[in-house]
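Below: the structure, in structure tokens.
Quantities reported herein were computed from a predicted structural model and do not represent experimental measurements. Naming: A, B, ... by sequence-line order, numbering from 1 per chain. Just so it is clear, the values below take in all heavy atoms, side chains as well, and ignore hydrogens, waters and symmetry mates.
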Amino acid sequence: MTKIICQLDGIRIDKDYLSNLSKELEGRIEILKNKIYTIAGADFNISSPKQLAAILFDKLKLKPVKKTKTGFSTDEEVLTILAASHELPAEVLNFRQLSKLKSTYVDAILELANPATQRIHTSFNQTVTATGRLSSSEPNLQNIPIRTELGKRIRQAFVADNGCLFLSADYSQIELRIVAHFSQDSLLIDAFKKDEDVHTRTASEVFDVQPELVTPEMRRRAKAINFGIIYGMGAYGLAAELGISQDEARGYIDDYFLHYKGVKTFIDKTISEAMERGYVSTFFGRRRHVPEIRSGSEQIRRFGERIAINTPIQGTAADIIKVAMINIFRRLKNEILQSRMLLQIHDELIFEAPEKEIELMKELVKNEMETAAKLSVPVKVDINIGRNWGGLG
DNA sequence: CCCTTCACG
DNA sequence: ACGTACGTGAAGGGT
């Protein structure tokens, strides 16, 4: 098996920086542990959901929120709810965040770095996912933290080689653009042709206000609705995501489809085609069989319907970025450039480029990614430059 | 080896 | 009445 080229290149990390971060986290975790033991009035393994549940629901008599297969759940949603009635859950959440990031990212990445080169060589797996995406393992570099401050500090440990900069190129709203293409929905196509903020546009339609009067909260809800479309949402899922009643969520979904009629037709057509043919297809014709959609069990059938909706969207995005990667790789080789393709994170590519190639690469990468597939709406790519992965904005 | 939890797109 | 948003990988606990 030929190794993927970017695996051979690897990505450089700053070992001293990560070691210091590891020590800092070790100290903070130790302090949190003692604080938790004091509040709980007992020592226990905080990392054990079973022992944590015993403390929360037996010893402290807090009210369970939901069950898992094996007992009462202590996941983030549950602890956030419980935090309103006791001081322990919030500290457990803090503990969880620090220990997760330390063990899964900081320490694991230090161990996997090549001692001579300080570079990390992930595997990009091409035959794992059902939708055609790549996956990444040992270590997974497609789920490096970004959403919290600490997460951003971990990203900063990934650094460009001497004389080089990182160039990241990410598709803007690629999956919703694919929905616009498949559905030919006039509102969605209009929004992308005018390069509007698509979540603000959805808020404006669903909540019936001028785009200028869309509040951050309205936009947040519209964004959840747009994601829900891609996932084949139901009212229950949207309600859970937004913390609203199922009736209210149902109202949002109905309003959405009242405005985006083309999207509604697209979803219905996709499902009925999947039932007739037994498979769904991406823009390029790649298929995923969906036997679940003919199941006698309603639950499994619904699952099949969501697969039927999501796969052409997610799969087409995966196809498009792969085409772009192939074309970019060929050009790097043919034009004898020193820039290297290091990472693919589903809708984003990261390159290591000598400083003198940066301007050329901006154009080359943006152009190849935006023209990898001709959709009926523009395909837009944003470029960012930085010395480390955390500083790419 | 399964379960739970949680990191990302 | 029921369970319910798509796709992944990894760590730690517990059997």
Side-chain angles (χ1 to χ4, degrees), chain A residues 44-54 66-79 92-93 95-109 111-112 122-125 128-148 150-152 154-155 170-175 179 224-242 246 249-250 253 267 280 288 290 292 297-318 321 343-349 389:
Chain A
F44 65 103
N45 187 341
I46 309 162
S47 301
S48 161
K50 194 179 175 186
Q51 292 183 39
L52 178 61
K66 61 179 179 182
K67 284 194 245 179
T68 67
K69 283 179 189 170
T70 54
F72 292 125
S73 173
T74 67
D75 69 12
E76 184 176 359
E77 183 203 337
V78 170
L79 293 182
V92 173
L93 283 171
F95 173 89
R96 284 240 179 102
Q97 199 214 1
L98 296 194
S99 31
K100 172 87 177 183
L101 296 192
K102 179 175 187 291
S103 63
T104 309
Y105 301 102
V106 179
D107 294 345
I109 281 167
E111 283 169 27
L112 285 165
T122 185
S123 295
F124 282 107
N125 315 300
V128 169
T129 70
T131 55
R133 276 186 170 186
L134 302 183
S135 84
S136 160
S137 57
E138 289 182 294
N140 181 355
L141 291 186
Q142 291 182 321
N143 72 344
I144 298 299
I146 192 173
R147 291 170 190 171
T148 65
L150 179 57
K152 286 173 196 155
I154 292 173
R155 279 202 174 206
D170 63 290
Y171 282 111
S172 163
Q173 305 293 354
I174 185 68
E175 293 190 337
V179 171
I225 296 170
N226 279 330
F227 269 108
I229 296 303
I230 292 166
Y231 296 153
M233 71 179 160
Y236 177 93
L238 183 64
E241 178 66 33
L242 288 176
Q246 216 166 312
R250 172 51 56 199
I253 294 170
I267 288 174
V280 290
R288 175 179 179 179
V290 192
E292 295 90 345
S297 150
E298 175 165 349
Q299 197 182 327
I300 295 173
R301 204 163 57 242
R302 296 270 178 232
F303 179 54
E305 290 175 4
R306 296 195 296 271
I307 291 173
I309 296 165
N310 176 260
T311 296
I313 302 168
Q314 190 182 122
T316 295
I321 197 168
L343 300 177
Q344 189 252 45
I345 310 159
H346 309 306
D347 62 355
E348 174 184 18
L349 295 175
W389 195 3

Worksheet item: Base, sugar-phosphate, or nothing: which does A:Phe227 touch, judged by heavy atoms less than 4.0 Å apart?
Response: nothing
Worksheet item: NA contact type, A:Arg147, heavy-atom cut-off 4.0 Å: base, sugar-phosphate, or nothing?
Response: base
Response to the item:
Taking C:dG7, C:dG9, B:dC8 as options, the one with an atom nearest any side-chain atom of A:Ser137 is C:dG9
Worksheet, complete the sentence: When rounded to the nearest 0.5 Å, the distance separating CD1 of A:Ile230 from CD1 of A:Ile313 is 6.0 Å
Practice prompt. Could you check which of C:dC6, C:dT4, B:dG9 has an atom nearest any side-chain atom of A:Ile307?
Written response: C:dC6
Discussion item. Rounding to an integer number of angstrom, what distance separates B:dC6 and C:dA1 when you compare their P atoms?
Written reply: 31 Å
Worksheet item: B:dT5 P sits how many Å from A:Phe95 CZ, rounded?
Response: 15 Å
Worksheet entry | Between C1' of B:dC8 and CD of A:Gln344, the distance in whole Å | 12 Å
Worksheet item: Base, sugar-phosphate alone, or nothing: which one does A:Gly232 contact when heavy atoms must sit under 4.0 Å apart?
Response: nothing
Fill in: Any A:Arg133 side-chain nitrogen or oxygen under 4.0 Å from OP1 or OP2 of B:dG9
no
Worksheet item: Between A:Ile144 (CD1) and C:dT8 (C1'), how many Å, whole number?
Response: 14 Å
Worksheet item: Roughly how many Å is it from CD1 in A:Ile309 to P in C:dA5, rounded to a whole number?
Response: 14 Å
Discussion item. Donor-acceptor check, side chain of A:Tyr105 to backbone of A:Asn143, threshold 3.5 angstrom: yes or no?
Written reply: yes
Close N or O pairs between protein and nucleotides 11-13 of chain C (under 3.5 Å):
| from | atom 1 | to | atom 2 | distance (Å) |
| --- | --- | --- | --- | --- |
| C:dA11 | O3' | A:Ser103 | OG | 3.4 |
| C:dG13 | OP1 | A:Asn45 | ND2 | 2.7 |
| C:dG13 | O3' | A:Ser48 | OG | 3.1 |

Worksheet item: What dot-bracket string describes DNA chain C from 5' to 3', counting Watson-Crick and G-U wobble pairs whose defining distances are under 3.5 Å, with [ ] for crossing pairs and | for pairs to another strand?
Response: .....|||||||||.
Worksheet item: Base, sugar-phosphate, or nothing: which does A:Ala239 touch, judged by heavy atoms less than 4.0 Å apart?
Response: nothing
Pairs of donor and acceptor atoms involving the side chains of residues 130-137 of chain A, under 3.5 Å and at least two apart or interchain, shall be tabulated with distances.
| from | atom 1 | to | atom 2 | distance (Å) |
| --- | --- | --- | --- | --- |
| A:Thr131 | OG1 | A:Gln314 | OE1 | 2.8 |
| A:Arg133 | NE | A:Gln314 | OE1 | 3.4 |
| A:Ser135 | OG | A:Asn125 | ND2 | 2.9 |
| A:Ser136 | OG | A:Thr122 | OG1 | 2.9 |
| A:Ser136 | OG | A:Pro139 | O | 3.4 |
| A:Ser136 | OG | A:Leu141 | N | 2.8 |
| A:Ser137 | OG | A:Asn125 | ND2 | 3.1 |

Worksheet item: When the distance from CZ of A:Arg301 to P of C:dG3 is rounded to whole Å, what number comes out?
Response: 17 Å
Practice prompt. Locate the shortest heavy-atom distance separating A:Leu242 from A:Ala224; write the atom from each residue and the value.
Written response: CD2-CB, 3.7 Å
Worksheet item: Heavy atoms under 4.0 Å, any strand shown: does A:Ile345 hit a base, just sugar-phosphate, or nothing?
Response: sugar-phosphate
Worksheet entry | Distance in angstrom units between A:Gln142 CD and C:dG7 P, rounded | 16 Å
Discussion item. Please find the pair of heavy atoms, one from A:Ile225 and one from A:Met233, that lie closest to each other, and give the distance.
Written reply: O-CE, 3.7 Å
Worksheet entry | 4.5 Å side-chain heavy-atom contact, A:Lys66 and A:Glu77 | yes
Discussion item. What's A:Glu76 touching, base or sugar-phosphate or nothing? Going by heavy atoms closer than 4.0 Å.
Written reply: sugar-phosphate
Response to the item:
With the side chain defined as heavy atoms from C-beta on, A:Thr129 is closest, among B:dC8, C:dT8, B:dT4, to C:dT8
Worksheet, complete the sentence: Output for pair (A:Glu175 CD, A:Thr316 OG1), nearest 0.5 Å, gives 9.5 Å
Worksheet entry | Minimum side-chain heavy-atom gap A:Glu305-A:Arg302 below 4.5 Å | yes
Discussion item. Less than 4.5 Å apart, side chain to side chain, heavy atoms only: is that true for A:Ile144 and A:Ile109?
Written reply: yes
Worksheet item: With a 4.0 Å cut-off on heavy atoms, is A:Ala130 in touch with a base, just the backbone sugar-phosphate, or nothing at all?
Response: sugar-phosphate
Item to complete: Please report the closest heavy-atom contact between A:Arg288 and A:Thr311, naming both atoms and the distance.
Response: NH1-OG1, 3.0 Å
Item to complete: For C:dA5 and B:dT5, measure between their P atoms and round to the nearest Å.
Response: 15 Å
Worksheet item: What interatomic distance, in whole Å, is found between P of B:dT4 and the corresponding atom of C:dG3?
Response: 14 Å
Response to the item:
On DNA chain C, more 5' by nearest nucleotide between A:Asn310 and A:Arg302 is A:Arg302
Worksheet entry | side-chain N/O A:Thr70 vs B:dT4 OP1/OP2, d < 4.0 Å | yes
Discussion item. Rounded to whole Å, how long is the line connecting atom CG of A:Asn140 with atom P of B:dG9?
Written reply: 11 Å
Worksheet item: At under 4.0 Å, does any side-chain N or O of A:Arg306 touch on OP1 or OP2 of C:dG7?
Response: no
Worksheet item: Of the candidate nucleotides B:dA7, C:dG7, B:dG9, which contains the atom at the shortest distance from the side chain of A:Thr131?
Response: C:dG7
Discussion item. For A:Ile321 versus A:Glu348, what's the shortest heavy-atom pair and its separation?
Written reply: CD1-N, 3.6 Å
Worksheet item: Taking the side chain as C-beta and beyond, is there a heavy-atom pair between A:Ile154 and A:Trp389 under 4.5 Å?
Response: no
Discussion item. Is the phosphate of C:dG9 approached by A:Ser135 (side-chain N or O, under 4.0 Å from OP1 or OP2)?
Written reply: yes
Worksheet, complete the sentence: Between CD of A:Gln246 and P of C:dA1 the distance, given in whole Å, is 14 Å
Practice prompt. Please work out if A:Glu138 contacts a base, only the sugar-phosphate, or nothing of the nucleic acid, heavy-atom cut-off 4.0 Å.
Written response: sugar-phosphate
Fill in: Short side-chain N/O contact from A:Ser73 to OP1 or OP2 of B:dT5, under 4.0 Å
yes
